[in-house]
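Here is the structure we will look at.
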Amino acid sequence: MLLSVLISCLYNRLDGVYSMVLPVNNNVEYIVIVQGANNEEVFKFNELNFFSERNDIKVIFDNNVGVTFSRNKAIDIATGDMALFTDDDVTLESDFFELVLKSFSDLPECDFLTFNIESPDGDLLKPPLCDSFHNLRSILGVGTIQIAIRLNDATKRIKFPLDLGAGSKYPNCDEPVYLSKFIKSGKVGAHINKTICKHPVESSGNSLRGFPSLMSRFIAFRYIFGHFFGSFIFIVFILKNIKKFSLDHN
């Protein structure tokens with residue numbers, strides 16, 4: 001079984017990718033999508049090619065800016081039986097391949113799985129909203145680097161929304177919209193209460209600051225729950241979190 005590790009980054013973060021990949025494992029490939037790269041950066045990479053000694057790392061340059069463009073491109077290019085989404089600033093657990101493989105083997109009915117992530121100090125980040133199988137509510141608490149999917153023709157047709165996610169006008173909530181497409185198409189997902197990686201505590205996905213962040217949630221709720229019910233849920237969300245908001249239109 002081959003696991004495709006899908007990474008999106010900017011050119012100036014390629015050194016982060018180099019430091020986060022683990023020693024060669026014949027059952028793991030790394031697909032790195034460099035977003036928004038210009039011709040000068042492509043030329044410089046081809047001249048230096050940090051990864052020339054690693055046949056398991058594929059670096060692809062994409063003119064598009066936005067993490068969801070990159071994630072979708074990585075899905076198309078991946079050749080594995082499974083895929084794990086991650087970023088250039090994470091530290092993968094040394095047994096991440098075994099964890100993903102065993103989890104999918106133990107749950108053959110699942111097409112997507114989510115895992116725990118921890119801070120560098122070992123504190124649990126983004127506590128799960130379920131302890132078993134996912135539903136439309138539990139996926140609201142999921143971050144991209146928690147997600148692994150089973151790769152086949154059907155799952156490769158499921159894509160991240162291009163109007164949400166880091167680098168787009170509305171920078172949050174692409175993950176639950178993506179996973180909702182699995183659930184709505186009859187696919188099953190579950191949470192595995194084991195850690196897949198460590199990540200710095202700060203994350204743009206946790207912020208409620210500013211109009212774009214609020215609109216991200218409004219758009220996501222309508223994607224997931226429909227226009228009417230999604231709008232209602234957004235109003236409830238606003239009332240519940242009113243004290244957390246810091247509106248900044250600058």
Side-chain angles (χ1 to χ4, degrees), residues 1 3-6 67-68 71-72 74-75 78 80-87 90 92-93 96-118 124-161 164-166 172-199 203-206 216-227 229-230 232-234 236-237 240-241:
M1 297 285 281
L3 173 63
S4 299
V5 179
L6 310 183
V67 69
T68 51
R71 305 279 192 212
N72 290 342
I75 291 169
D81 305 287
M82 310 164 290
L84 174 69
F85 297 99
T86 193
D87 286 335
V90 309
L92 291 167
E93 294 295 298
F96 78 95
F97 169 73
E98 290 79 10
L99 174 57
V100 174
L101 177 62
K102 183 179 187 305
S103 299
F104 274 120
S105 298
D106 290 345
L107 294 166
E109 70 273 33
C110 287
D111 281 299
F112 75 88
L113 299 172
T114 61
F115 299 88
N116 293 340
I117 55 175
E118 296 179 354
L124 181 65
L125 303 177
K126 297 183 77 69
L129 298 181
C130 74
D131 56 8
S132 56
F133 292 100
H134 276 292
N135 53 47
L136 292 180
R137 178 184 176 276
S138 66
I139 60 174
L140 298 177
V142 173
T144 312
I145 61 174
Q146 296 176 266
I147 302 170
I149 63 173
R150 198 184 297 276
L151 280 176
N152 51 50
D153 289 342
T155 60
K156 291 191 81 163
R157 287 194 293 268
I158 299 175
K159 295 296 195 292
F160 284 85
L164 296 173
N172 310 112
C173 301
D174 50 299
E175 304 96 333
V177 172
Y178 174 65
L179 294 182
S180 74
K181 296 179 181 181
F182 280 79
I183 294 174
K184 289 181 177 182
S185 63
K187 293 174 173 51
V188 177
H191 182 74
I192 306 300
N193 193 29
K194 294 185 177 180
T195 298
I196 194 73
C197 68
K198 290 183 168 58
H199 187 270
S203 171
S204 60
N206 293 331
S216 296
R217 285 157 176 83
F218 177 67
I219 294 168
F221 288 152
R222 285 162 65 97
Y223 262 126
I224 297 168
F225 299 106
H227 284 199
F229 192 49
F232 173 75
I233 291 177
F234 178 72
V236 173
F237 173 81
K240 183 178 179 180
N241 294 279

* Apply side chain to side chain contact (heavy atoms under 4.5 Å, CB included) to the pair C130 and N135, showing each step before the final yes or no. => CA-CA 8 Å; C130 74; N135 53 47; 5.6 Å; no
* How about I149 and D111: do any of their side-chain heavy atoms sit closer than 4.5 Å? -> no
* To do: Kindly indicate whether the side chain of I147, heavy atoms from C-beta on, has any atom under 4.5 Å from the side chain of V142.
  =>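 Yes, their side chains come closer than 4.5 Å.
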* Could you go step by step and tell me if T114 and H134 meet the side chain to side chain donor-acceptor pair (under 3.5 Å) rule? -> CA-CA 9 Å; T114 61; H134 276 292; 2.8 Å; yes
Just jot down the salt bridge (Lys or Arg N to Asp or Glu O under 4.0 Å) partners of [X], sequence neighbours excluded, or say none.
{"X": "K198", "value": "E93, E118"}
{"X": "K184", "value": "none"}
{"X": "K156", "value": "none"}
{"X": "D87", "value": "R71"}

* Derivation of the side chain to side chain contact (heavy atoms under 4.5 Å, CB included) call for F133 and S138 -> CA-CA 9 Å; F133 292 100; S138 66; over 6 Å; no
My understanding is that only residues two or more places apart in sequence, or in another chain, count here; which of them pass ring-ring contact (aromatic ring centres under 6.0 Å, His included) with [X]?
{"X": "Y178", "result": "F85, F160, F182"}
{"X": "Y223", "result": "none"}
{"X": "F218", "result": "F234"}

* Structure fact -> Across all chains, not counting sequence neighbours, the side-chain contact (heavy atoms from CB on, under 4.5 Å) partners of A148 are L84, V100, F104, F115
* State, without any angle test, whether N116 and N193 hold a side-chain donor-acceptor pair at a distance under 3.5 Å. =>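 N193 and N116 do have a side-chain donor-acceptor pair below 3.5 Å.
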Identify, with sequence neighbours excluded, every residue that meets side-chain hydrogen bond (donor to acceptor under 3.5 Å, both in side chains) alongside [X].
{"X": "D81", "value": "none"}
{"X": "R150", "value": "none"}
{"X": "S180", "value": "none"}
{"X": "K194", "value": "none"}

* Are any side-chain N or O atoms of S4 and backbone N or O atoms of G80, one a donor and one an acceptor, separated by less than 3.5 Å? ->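 Answer holds: yes.
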* Nearest heavy-atom pair of I75 and I158: which atoms, and what distance? ->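 Minimum heavy-atom separation between I75 and I158: CD1-O, 4.1 Å.
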* **Nearest atoms (heavy-atom pairs only) where G141 meets Q146** =>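 Here G141 and Q146 meet closest at O-OE1, 3.8 Å.
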* **Verdict with reasoning, K102 to D106, per salt bridge (Lys or Arg N to Asp or Glu O under 4.0 Å)** => CA-CA 6 Å; K102 183 179 187 305; D106 290 345; 2.6 Å; yes
